[in-house]
Number of protein chains: 2
Amino acid sequence: MEEVARVAGVSPATVSRALKSPETVSEKLRLRVQEAATRLGYAPNRIAGSLAGARTPLIGVVVPSLTNSFFAATLDRMSALLDAKGYQLMIGQHDYDSDREERIVTAFSSWNPSALVVTGRDHTRGTVSILSATACPVIEMWDHDERPIDSGIGFSNRAAGRLAGQHFASQGFEHVAYVGALLEQDTRARARAGGFAAEFLAATGRQAQILDVSSRDLGEGCKALARVLATQPETRAIAFSGDMLAAGAMFAAERAGLRIPQDLAILGYGDLDIAAHMNPALSTIRPPRNEIGEAVADHILARLADPSAPKQNLDLGVELIRRATT
Amino acid sequence: MEEVARVAGVSPATVSRALKSPETVSEKLRLRVQEAATRLGYAPNRIAGSLAGARTPLIGVVVPSLTNSFFAATLDRMSALLDAKGYQLMIGQHDYDSDREERIVTAFSSWNPSALVVTGRDHTRGTVSILSATACPVIEMWDHDERPIDSGIGFSNRAAGRLAGQHFASQGFEHVAYVGALLEQDTRARARAGGFAAEFLAATGRQAQILDVSSRDLGEGCKALARVLATQPETRAIAFSGDMLAAGAMFAAERAGLRIPQDLAILGYGDLDIAAHMNPALSTIRPPRNEIGEAVADHILARLADPSAPKQNLDLGVELIRRATT
DNA sequence: GTTCATTTTGAAAGCGCTTTCACGAATCGC
DNA sequence: GCGATTCGTGAAAGCGCTTTCAAAATGAAC
C-alpha cells in the first residue's frame with residue numbers, strides 16, 4: 001500500500017480511503033490512486049484490513065452435511081447473494097455431531113465474522129453461549145421454533161408431517177404408514193413422523209404405522225415397502241420422510257405388481273428432481289430450500305446495512321405438491 | 001491475551017507459545033496458562049494471529065456449483081479431512097462463469113490462504129497469473145491434463161468417454177448414440193462426448209450419433225430417447241453424460257415398451273444413488289468424486305507439513321460399473 | 001482581502017497477535 | 001566446581017491496514 005501511495009503521490013491513508021470509501025476522496029486523487037493500484041497490481045491484504053477494522057467480510061455457516069442436497073441448495077443461494085456483496089462464505093460441516101458443531105462455531109467466532117449461520121435449533125450449551133455472546137447477527141436456519149438465539153428462518157418439520165397426515169386423512173385412508181430414517185440424530189425426520197402420526201390420529205382416531213429404516217436412499221425404500229406390507233397388509237397409503245425412499249418404494253411396488261395410486265398411495269418429502277419425473281409423478285412435500293437461503297442472505301444484508309434492523313423469526317412453511325401418486 | 005497473561009503471571013509471549021506450540025513451554029507454565037485461558041473463556045483472535053503469522057488457516061476452494069453432487073461430495077471429504085487439522089474451507093462458486101472465477105480467486109488470494117483449490121483447467125489469463133504468483137500450494141482438481149499451474153488431481157473426461165465408446169464397441173453395437181447437455185460451458189461433458197465418438201469410430205469405423213440436450217435432469221432424458229430413436233431408429237445403445245438423463249430415458253423406454261438391455265442398452269455417468277437402484281440397475285461410469293477430495297486434502301496437508309514436498313499431477317481414473325443395463 | 005465553515009489530506013496510533021532476540025537459569029562435561 | 005551449553009522466558013518490533021485527529025486547502029460570504 002505504501003508503494004501505491006508513493007506512486008500516486010499521496011499518503012497511505014488516502015490510498016486506503018480511495019479504495020474503501022471512494023466518496024470521501026476527491027475525484028482527482030481517487031483516479032490517481034486507482035490507476036497506481038492497478039498498475040502495480042496491488043491487492044489489499046484483507047487480513048490486515050480486518051484486524052484494523054472491526055469485522056471480517058466472512059460469513060460463517062455451519063451445516064450438518066454438504067452432500068445433503070437441501071442444504072446445498074440453501075448454501076448455493078446464500079453464496080450467490082452474499083458473494084455479490086463482497087462477503088465470503090466460510091463453511092463447516094459437523095455430520096450431525098453437536099460437539100463438532102460447537103468446535104466449528106468456536107473456531108468461526110474467533111474470526112469476527114460479519115454473521116454466523118447455523119442449522120437447526122438443537123445446540124450444546126457451549127454453542128448457545130458462544131452464539132449468544134457474539135456481536136454479529138446469528139441466524140438459526142431450517143427449523144422454526146419459538147425464541148431463536150437471535151434470528152430464525154426456517155419452517156416446522158412437525159407441520160410438514162401434519163400436512164401429510166392431514167392429506168391422507170382427508171382422502172379417507174384408514175391404514176397408513178410413515179417410513180423414515182428416524183434413528184439417527186435426525187430430529188427433523190422424527191418431528192415429521194411425529195406430526196404425521198399425531199395429525200392422523202387426531203383426524204381419524206386411528207394409529208399410523210411408523211417404520212424406521214436405516215438410511216435415506218433408494219435401496220432402503222425398496223425394502224421398506226415389503227416390511228410395511230408384512231406388518232400391516234391393509235396399508236393403502238405410505239408417506240416417506242424422503243423422496244428417494246419413496247422412489248425406492250415405487251420401484252418395489254412396480255415389481256410387486258401394485259398399482260399406484262389405486263392400490264397404494266405414496267407421498268414423498270423433499271421435491272427432489274426425481275419426484276417430478278417418476279412414473280407416475282411423485283406427490284411430495286417441498287421444503288423451502290432456496291427460499292431459506294435467500295431469506296437468510298437478505299436478512300444478513302439488512303442487518304449489516306443497518307445494525308439496528310430488527311431480528312426476525314420467520315416460518316417459511318412447506319407446500320404439498322400434488323402430482324400423481326396420491 | 002494480556003489478561004490471560006496477567007492471571008497466569010506470565011508474559012503475553014508465553015501465553016502465545018503455550019497455546020500455539022505447547023512443546024516449547026515448560027509443563028508447569030503451560031498448565032497455568034491453559035487454566036487461566038479456560039477460566040477467562042479466552043479465544044485467540046485468529047485475524048491478529050494470521051496477520052502476525054505468515055498464513056491464514058483458510059483454504060480457498062472454488063467450484064462451479066454447490067448443488068452439483070459431484071463437487072459436493074469432493075468438498076465434503078475435503079472439509080472433513082481439513083477441518084480435523086484446524087483448517088477452514090472458504091468456498092466460492094462461479095456457476096461456470098470464468099470472470100466470476102477470477103474475481104473469486106482474486107478475493108481469496110488476498111486472504112493469504114494456506115492453499116487454493118480450483119476446479120478444472122480452463123481459467124482466464126488473469127486467474128492463471130494470480131494463481132501462478134501465489135505463494136501457497138495451488139491445486140486444480142477434477143480435470144486431468146498436462147502441466148498444471150502447480151498441482152493437478154483429477155481424471156480425464158475424454159478417457160471416461162472413450163471407456164464408454166469402447167464398451168459399446170466391444171459389445172458389437174453398430175448404431176449407438178451419446179446424449180448430453182453439451183451446449184453450456186460444460187467442457188467436461190463435451191470431452192466425454194468427444195472421447196466416446198472418437199473411440200467408437202476407431203474401434204468400429206462407425207459414426208456415433210451425438211445428441212445435445214438442454215439440461216441434465218430426468219425430464220430431458222425422457223425426451224431425448226424419443227429424439228434419438230426418431231433420428232436413428234436402429235440405435236441399440238445409448239450412453240449418457242449423466243445418470244439422471246439415463247434414468248429419464250429408462251422411464252421413457254419403459255413407457256414405450258422397450259426392454260432394457262435386450263432392445264436398448266443404456267450407460268450412465270456419475271454413479272449417483274439412483275443408478276444402483278433403478279430397475280434394471282443402471283450401468284454407469286463412476287468419477288472418483290470422493291477420492292479427489294481425499295487426494296486434494298492429503299496433498300495440501302503434505303505440502304503444508306513440508307513446503308519442499310513435491311508437486312503432483314494425478315490421474316485418478318474412472319471406473320465402469322457394470323450392472324444390468326448393458 | 002479577510003474571515004469562517006467546510007472539505008481534503010496526512011501523521012500517527014493502534015488492531016491482537018507471533019516471533020526474533022537477548023538474557024538469566026538450569027544443565028552438562030571434565 | 002567452573003565454564004560451556006542448553007532451555008525457558010520476557011521485551012519489543014512488527015504484520016498491513018483503518019481511523020481518529022488535527023492541519024491544510026478550498027470555497028463562500030462579507
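Chain identifiers are assigned alphabetically (A, B, ...) following the order of the sequence lines, protein sequences preceding nucleic acid strands; residue numbering begins at 1 within each chain.
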Check your understanding: When you measure from the side chain of Val25(A), which nucleotide among dG10(D), dT18(D), dT9(C) comes out closest?
Key -> dT9(C)
Exercise for review: Can you tell me the distance, in whole Å, between the CD atom of Glu23(B) and the C1' atom of dT9(D)?
Suggested key: 15 Å
Check your understanding: Arg46(A) has an atom CZ; how far is it from atom C1' of dT18(D), in whole Å?
Key -> 14 Å
Check your understanding: The side chain of Ala52(A) lies closest to which of these nucleotides: dT19(C), dG16(D), dC17(C)?
Key -> dG16(D)
Exercise for review: Would you mind telling me which of Arg188(B), Arg121(B), Arg190(B), Arg158(B) makes a salt bridge (charged side-chain N to carboxylate O under 4.0 Å, His left out) with Asp143(B)?
Suggested key: Arg188(B)
Exercise for review: Would you classify Leu29(B) as touching base, sugar-phosphate or nothing, given that sugar-phosphate means primed atoms plus P, OP1 and OP2, and contacts are heavy atoms under 4.0 Å?
Suggested key: sugar-phosphate
Review point. Do you see a donor-acceptor pair shorter than 3.5 Å between the side chains of Thr127(A) and Thr124(A)?
Key: yes
Exercise for review: Using only side-chain N and O atoms of Ser16(A), determine if any of them is under 4.0 Å from OP1 or OP2 of dT18(D).
Suggested key: yes
Review point. Does Ser11(A) have a side-chain nitrogen or oxygen under 4.0 Å from the phosphate oxygens OP1 or OP2 of dT9(C)?
Key: no
Practice item. Give a yes/no answer on whether the side chain of Ser26(A) brings an N or O atom under 4.0 Å of OP1 or OP2 in dT9(C). Key: yes
**Study point:** Length of the line joining Ile47(A):CD1 and dC15(C):C1', which is rounded to integer Å
**Key:** 14 Å
Review point. Do Glu102(A) and His123(A) have a side chain donor and acceptor closer than 3.5 Å?
Key: no
Review point. Hey, does the side chain of Ser50(B) come within less than 4.0 Å of dC17(C)'s phosphate (OP1/OP2), counting only N and O?
Key: no
Point to revise | Phosphate OP1/OP2 of dC17(C) contacted by Tyr42(B) side-chain N/O (<4.0 Å) | key: yes
Exercise for review: Please report, rounded to the nearest Å, how far the C1' atom of dT9(C) is from the CZ atom of Arg32(A).
Suggested key: 12 Å
Check your understanding: Does a distance-only test, which skips hydrogens and angles, find a donor-acceptor pair under 3.5 Å between the side chain of Arg17(A) and the base of dG10(C)?
Key -> yes
Exercise for review: Grab the CD-C1' distance between Glu2(A) and dC15(D) for me, whole Å please.
Suggested key: 12 Å
Practice item. On DNA chain D, check which nucleotide each of Lys28(B) and Gly53(B) is closest to and give me the residue with the more 5' one. Key: Lys28(B)
Review point. When the distance from CG of Leu51(A) to P of dA13(C) is rounded to whole Å, what number comes out?
Key: 17 Å
Point to revise | Arg289(B) bridged to Asp76(B) by N-O distance under 4.0 Å | key: no
Practice item. Can you figure out which of dG16(D), dA12(C), dC17(C) approaches the side chain of Ala13(A) most closely? Key: dA12(C)
Practice item. Indicate yes or no: does Arg39(B) engage Glu35(B) in a salt bridge with an N to O separation below 4.0 Å. Key: yes
Review point. How long is the line joining CE of Met1(A) and C1' of dT9(C), in whole Å?
Key: 14 Å
Exercise for review: Answer yes or no: side-chain N or O of Arg30(B) and base N or O of dG8(D) forming a donor-acceptor pair under 3.5 Å.
Suggested key: no
Review point. How long is the line joining NZ of Lys20(A) and C1' of dT19(D), in whole Å?
Key: 11 Å
